[in-house]
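Given the structure is predicted, the values throughout are model-derived calculations rather than measurements.
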Amino acid sequence: MFKKLVSLTAFFATAVIQLSAQTTLPATTTDTKSKYDQHLLFGPLFYPNAGNEFRAASGEPGHAYWQNRADYKINASLNEDKNELTGSVTINYKNNSPQELPFIWLQLDQNLYDLQSRGQAKMPATGRSRYGDAKSTFNGGYKITSVQLITAGKPAENIPYVITDTRMQLRLAKALAARTGAVSVKIDYSYLIPQYGSDRTGILKTKNGNIYAIAQWYPRVCVFDDLQGWNTLPYLGASEFYLEYGDLEATLTVPASHIVVASGELLNAQEVLTPLQLKRYNQAKGSDATVTIRGESEVLDPTSRPSKATCTWKFAISNARDFAWATSKSFIWDAAKINLPSGKKCLATSVYPSESAGVKGWGRATEYTKGSIENYSKRWFEFPYPVASNVASNVGGMEYPGIVFCGSTAQTEGLFGVTDHEFGHTWFPMIVGSNERKYGWMDEGFNTFINTLAGEDFNKGEYKGAKTDWHQYARFIFGPTSEAMLNTPDVLQERNIGLELYMKPGYALTLLREQILGKDRFDYAFKKYIRDWKFKHPSPYDFFRSIENGAGEDLSWFWRGMFLENYKLDQAVTKVDYINNDAKNGALITIENLDQLAMPVVIEYTTKSGKTERKNLPVEIWQNNSSWKVKLNTTEELQKVVIDPDHSLPDMNSANNSWKSN
């Protein structure tokens, strides 16, 4: 999720502007009294639990790892006059856990938009929130009309249920057996579609008709795992989703004037497209260049759609954690082939209104989609879905398996940035299925990290960002109002969500890759983490263990300082001496670690004759010291000494990073 952020660089700039308006930055200081306690940072007891048969100490899934499964078959119809969705979902749930389950918990996320919901109660009375409006009069939420147990050869039976805010408990007459239990449940429901649903679902009004971005649109099973049992945190707006994997089929009935795109593959194209559109659609599957399926001039042409009241579109997606879709009579539609490393092909598509068309706008959306999917498939892990659909909407940016919603007004670098970010979520959390509701940084932060490399990769660096001065940004992301990133999104101050879930963890992985482990070791470990946990549910400690084992490095100090805590870094050059007072014998440089975070050290020194060299020191120099003397094998006087000359570390105080001769 990445609202109105045109690129990572622009995101940083936005954060700077916002924070400048909200807080007074601490003045830089030349105080050399150290606050550093190495025992806090390098303490040996980092992991709270030993590895076990479910989650190995190596960070891999254990030999007895299990997770439950939920398959869905959904039938839904859209009433465009009422903005109402009516649906029926059959859930086939399989208990692979080692214990009986006497009940099942479901998520009813649309209940957030009930005026009596907990999330609505959290909306600020003054100001604004992207997740809702305290002054809203829209009273949404599910209307559940039937909940039944489906058993082959028997009449359907009503299941007792209890709804609590955004959760529903199904109380089973017979518990699901451990490891083998399965149940089929059919739920009939309806709800009014919110115009603006927490920047994740909504209705965009355009001159040629509404665009419906449909998500959180069917009851979904909560995850039951080995870490917590049932994960039933309510949906309050800020925290996203934690979902089981399975196969999903959707049958969607909409006005015949509409075009529909959705998660998964369109199964009945010949029934819902005109012969000309079907020809173009099939042409696009084999074309690297974007092919127009329905052009701008055809949007208002009645012959561009079948001449009947409604069309029923059928889609399917395998081994996915969710399903979303979009529908409108205003859609321009284009597509192109995606080439995957294995030789497989899939389809990139974009749908958007006339207002968004043009080469600076959504006319390049399919090109951006294709570029992102091909790039991340090559770098990390192959894209697993048959289609990647990009939808122009009133959602600033939101991701689902095989489909994303992006802002309809985004253009050029902004459209590339939001497209790349949202499709980057295919890898986190769609492939690597972390718990977003608790650990937003495990998808937003990881995704932000891979986005930083995409600007260099796309179209020979067309949108490559400028180099970041991390001394400057450290004063914001570690400033007086900052928080530790290992917090649930619902607990963070809303103004800090962009910093703690996106910027800080994204930067932390960049630090690991470029300053601590090196690209080769990091990339190897990171790709192994993705492979090991594909379509599974890793915890933060699984990630920490996986990177440490793959890279062969104890990084507990790094996880503790950057993730669990909000430690700050302040390295300083405090003294320069010559051995025996003679520059020909070499120089002794005293460096200090003045705050609680530690990092490796890069010292750049320039001699009187203008010769510049560097010396690298590992983080271990700070294991039992807050002060360290470094010998430089110089034979002449020094003109300048600088610590962290590239401003790659999150140093809060640049003023004490350099020494100059008189």
Side-chain angles (χ1 to χ4, degrees), residues 54 61 64-76 87-111 142 144-164 166-189 216-235 241-251 263-264 315-324 400-401 429-430 433 435-437 535-537:
F54 305 127
Y65 176 84
W66 58 267
Q67 65 189 45
N68 291 349
R69 179 183 177 90
D71 298 324
Y72 299 84
K73 292 185 178 180
I74 318 165
N75 287 275
S88 176
V89 58
T90 299
I91 305 170
N92 295 313
Y93 184 68
K94 175 69 166 48
N95 178 23
N96 296 314
S97 80
Q99 65 187 81
E100 289 188 344
L101 299 180
F103 51 80
I104 298 172
W105 280 101
L106 303 180
Q107 302 181 40
L108 302 181
D109 294 322
Q110 282 296 323
N111 285 2
Y142 283 115
I144 305 293
T145 56
S146 175
V147 180
Q148 294 186 313
L149 175 69
I150 306 299
T151 305
K154 295 183 179 181
E157 302 175 43
N158 291 332
I159 301 176
Y161 64 90
V162 175
I163 294 176
T164 306
T166 61
R167 291 79 47 86
M168 177 166 68
Q169 185 188 50
L170 307 185
R171 296 174 175 174
L172 304 176
K174 181 181 179 181
L176 294 183
R179 304 191 191 282
T180 61
V183 67
S184 292
V185 176
K186 182 174 180 288
I187 303 173
D188 297 332
Y189 63 95
Q216 295 87 57
W217 60 288
Y218 59 98
R220 302 178 295 180
V221 180
C222 296
V223 171
F224 182 82
D225 64 23
D226 61 294
L227 298 174
Q228 185 169 320
W230 287 106
N231 286 262
T232 59
L233 283 176
Y235 181 41
F241 311 109
Y242 186 32
L243 302 164
E244 295 288 17
Y245 289 94
D247 297 338
L248 298 97
E249 300 175 13
T251 301
S263 296
F315 296 89
I317 190 169
S318 299
N319 204 20
R321 68 197 287 273
D322 201 2
F323 191 105
Y400 302 98
M430 305 307 164
N435 185 345
E436 295 179 278
R437 192 148 294 178
F535 311 116
K536 295 182 177 69
H537 300 311

Got a sec, which residues hit side-chain hydrogen bond (donor to acceptor under 3.5 Å, both in side chains) with [X], two or more places apart in sequence or on another chain?
{"X": "R437", "value": "none"}
{"X": "T164", "value": "none"}
{"X": "E100", "value": "none"}
{"X": "D109", "value": "R220"}

If you round to the nearest 0.5 Å, how far is CH2 of W230 from SG of C222? 7.0 Å

For the OH atom of Y65 and the CG atom of D226, what is their distance to the nearest 0.5 Å? 7.0 Å

Identify every side-chain donor-acceptor pair in residues 145-162 under 3.5 Å, counting partners at least two apart or on other chains, and give the distances.
unit_1	atom_1	unit_2	atom_2	d
T145	OG1	D188	O	3.2
Q148	NE2	N158	OD1	3.4

Regarding Q169 and R167, do their side chains bring together a donor and an acceptor under 3.5 Å, going by distance alone? no

Residue list, side-chain contact (heavy atoms from CB on, under 4.5 Å) with [X], at least two apart or on another chain:
{"X": "A177", "value": "T180"}
{"X": "A182", "value": "K94"}
{"X": "N95", "value": "N68, S97, L101, L176"}

Return the orientation label for the F315 and F323 ring planes: parallel under 30°, perpendicular over 60°, tilted otherwise. perpendicular

Going by ring pair (Phe, Tyr, Trp, His ring centres under 6.0 Å), name the residues that satisfy it together with Y72, two or more places apart in sequence or in a different chain. Y218

Listed pairs under 3.5 Å, donor-acceptor, residues 242-250 side chains, sequence neighbours left out:
unit_1	atom_1	unit_2	atom_2	d
Y242	OH	D225	OD2	2.8
E244	OE1	H537	NE2	3.1
Y245	OH	M430	O	2.8
Y245	OH	I431	O	3.2
Y245	OH	G433	N	3.2
D247	OD1	R69	NH2	3.3
D247	OD1	N319	N	3.0
D247	OD2	R69	NH2	3.1

Among residues two or more places apart or on two chains, list those pairs meeting salt bridge (charged side-chain N to carboxylate O under 4.0 Å, His left out) that have a residue in residues 174-183. none

